[in-house]
There are 2 protein chains.
Amino acid sequence: MSTQRPAPLVRPARPLRQGIPDATVARLPVYLRALTSLAEHGVETVSSEELAAAAGVGSAKLRKDLSHLGSYGTRGVGYEVDYLVYQISRELGLTQDWRVAIVGVGNLGHALANYGGFVSRGFTIAALLDADPAIVGETVGGLPVRPVAELEAVVEAEDIHIGVVATPASAAQEVCDRLVGAGVTSVLNFAPVVLVVPDPVMVRKVDLSTELQILAFHEQRRMATRLALDVSSPAVESAVSGSGAAEVAR
Amino acid sequence: MSTQRPAPLVRPARPLRQGIPDATVARLPVYLRALTSLAEHGVETVSSEELAAAAGVGSAKLRKDLSHLGSYGTRGVGYEVDYLVYQISRELGLTQDWRVAIVGVGNLGHALANYGGFVSRGFTIAALLDADPAIVGETVGGLPVRPVAELEAVVEAEDIHIGVVATPASAAQEVCDRLVGAGVTSVLNFAPVVLVVPDPVMVRKVDLSTELQILAFHEQRRMATRLALDVSSPAVESAVSGSGAAEVAR
DNA sequence: TCAACTTTGTGCACACGTTCACAAGTGCCT
DNA sequence: AGGCACTTGTGAACGTGTGCACAAAGTTGA
């Protein structure tokens, strides 16, 4: 009861996060791709309205995002495409080359290794690793598959910055632990598990199953709505089995 | 200053968005997976603390998320695993089967088609389509690859709900347009382009390149910070920019 | 030079999402 | 029965993200 008042925080001591908002960072690659495409078509200058349309966002949001990088536009004109490409690339750290290791060369790892051109400039696939002796030694996408036992040595020798986990779910956490142990601080996870990592390490997840489930949710809602409308016209019949019944059941 | 008070909105006429917040929907698949895993290990009951840890989120967030579905927990005890699995599955629409068509059976489409088991219950890959005559006719993952010319007929005949675009970027928009034209309202896009679709259609994107770039951004910032600290050790130099140092110091 | 027009960059208000803290239940033990 | 330990569900504060609307700044044309 008489717990001490938690102090209204007169001075939040907020050091003013000087960085770029996460939501903005997540959109920069989209802008970059749209800009690259424009550049290939010979476009030299683009307005926020046009670029926003190409990127599928609102123009105000685009301008605010870009304003976090600096004032790289010209009022009354727009943005110079090449210059903006450079600035975003620099901000994302694409002016240096990041060396990537793919662990797990099954169906998915195979596809990733061969995707070469799709991984745009800035990334080099430097090593492939797998636990299956039947695959080790093969050449995939121009690289030899090495045994996962050599993981630590490979990370060291090849100066790996980013690890891609494309193993079965059962092996993912162990592989991740070893990557982190070897000094990797960025991991891209394709395995359907939640990887646990120490604090400074960053993990991002790509997951087909999750995406499909989110689509299913919205698809279901759309169907339920349509059904409800259809049903509401003719007979009574409380046939609304979907979410409608759920509400009641609760 | 004499600007009229913008009216405190006594009655915001807020229709009370009856749905589940998007952020919550995006996490439900994660909870579902964690729960399934627990169930397989024979766990019957789980507290919000434990489940949150398994899903990699805070326990308060988890409880708030679950509270949007209803009151399915028991105070003092926790959640019954099986029951919660069922409730989340139902909410996500996984109690019915969604029929998926994959367009583009290159490296990636190949991998997706063979992923069979990984696409958990609720989804059936019902058709494969490709434009390359060299691939059409082959059997991949137990399904024949059909010519993309038959797309509309296949969507109709196989009752496709969800389209997966795994084509090269150049073909993606056209394929997407045709899927939508054939009545598909949910699209999962693996091609590195922003797909433009009419309003009721939902598109989600899975993009390795974007994810790598986001990782690179954070990796770069980490390196820059570390470098700044290295430099700052000899001289006094108040280079330590507040929050940056805090991150590291932690 | 000046006015009309275009487009950026941003202040502001609002909506959304996250976290804290605790009242309201539930089960267990005496 | 009653007290104790535990856990959910949620009100409220806080922080982040979005969109409007407009001043500032630039260009074009006369």
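Each chain gets a letter, A, B and so on, in the order the sequences are listed, and its residues count up from 1.
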Between D:dT18 (C1') and A:D22 (CG): distance, integer Å: 16 Å

Most 5' of A:A23 and B:V46 on DNA chain D, judged by nearest nucleotide: B:V46

Short side-chain N/O contact to C:dG9 OP1/OP2 from A:Y79, under 4.0 Å: yes

Member of B:L112, B:V165, B:D207 meeting the side-chain contact (heavy atoms from CB on, under 4.5 Å) criterion with B:F190: B:L112

Intermediate values then yes/no, side-chain hydrogen bond (donor to acceptor under 3.5 Å, both in side chains), B:R222 and A:S186: CA-CA 10 Å; B:R222 213 170 357 232; A:S186 292; 3.3 Å; yes

Nearest-angstrom distance from the residue atom OH of B:Y83 to P of D:dT8: 16 Å

Sub-4.0 Å heavy-atom contacts from residues 47-65 of chain B onto DNA chain C, ordered by number: B:A60, B:K61, B:R63, B:K64

Interatomic distance, A:L92 atom CG to B:H218 atom NE2 [nearest 0.5 angstrom]: 9.5 Å

Side-chain heavy atoms of A:K205 within contact of B:V30, under 4.5 Å: yes

B:I20 CD1 to C:dG17 C1', straight-line distance once rounded to whole Å: 15 Å

Atom-pair distance (CG on B:L69; C1' on D:dT10), nearest Å: 15 Å

Spacing of CD1 belonging to A:I102 relative to CD1 belonging to A:I162, to within rounding of 0.5 Å: 11.5 Å

Minimum heavy-atom distance A:P192-B:R33, with the two atoms named: O-CD, 2.8 Å

Neighbour count >12 (heavy atoms, 6.0 Å) for atom CD, B:Q96: yes

Protein-to-nucleotide contact annotation, 5' to 3' order, nucleotides 23-30 of chain D [B base; S sugar-phosphate only; - none; under 4.0 Å, heavy atom]: -BBSS---

B:Y31, B:Y79, B:Y83 screened by ring pair (Phe, Tyr, Trp, His ring centres under 6.0 Å) with B:Y72, the one that passes: B:Y83

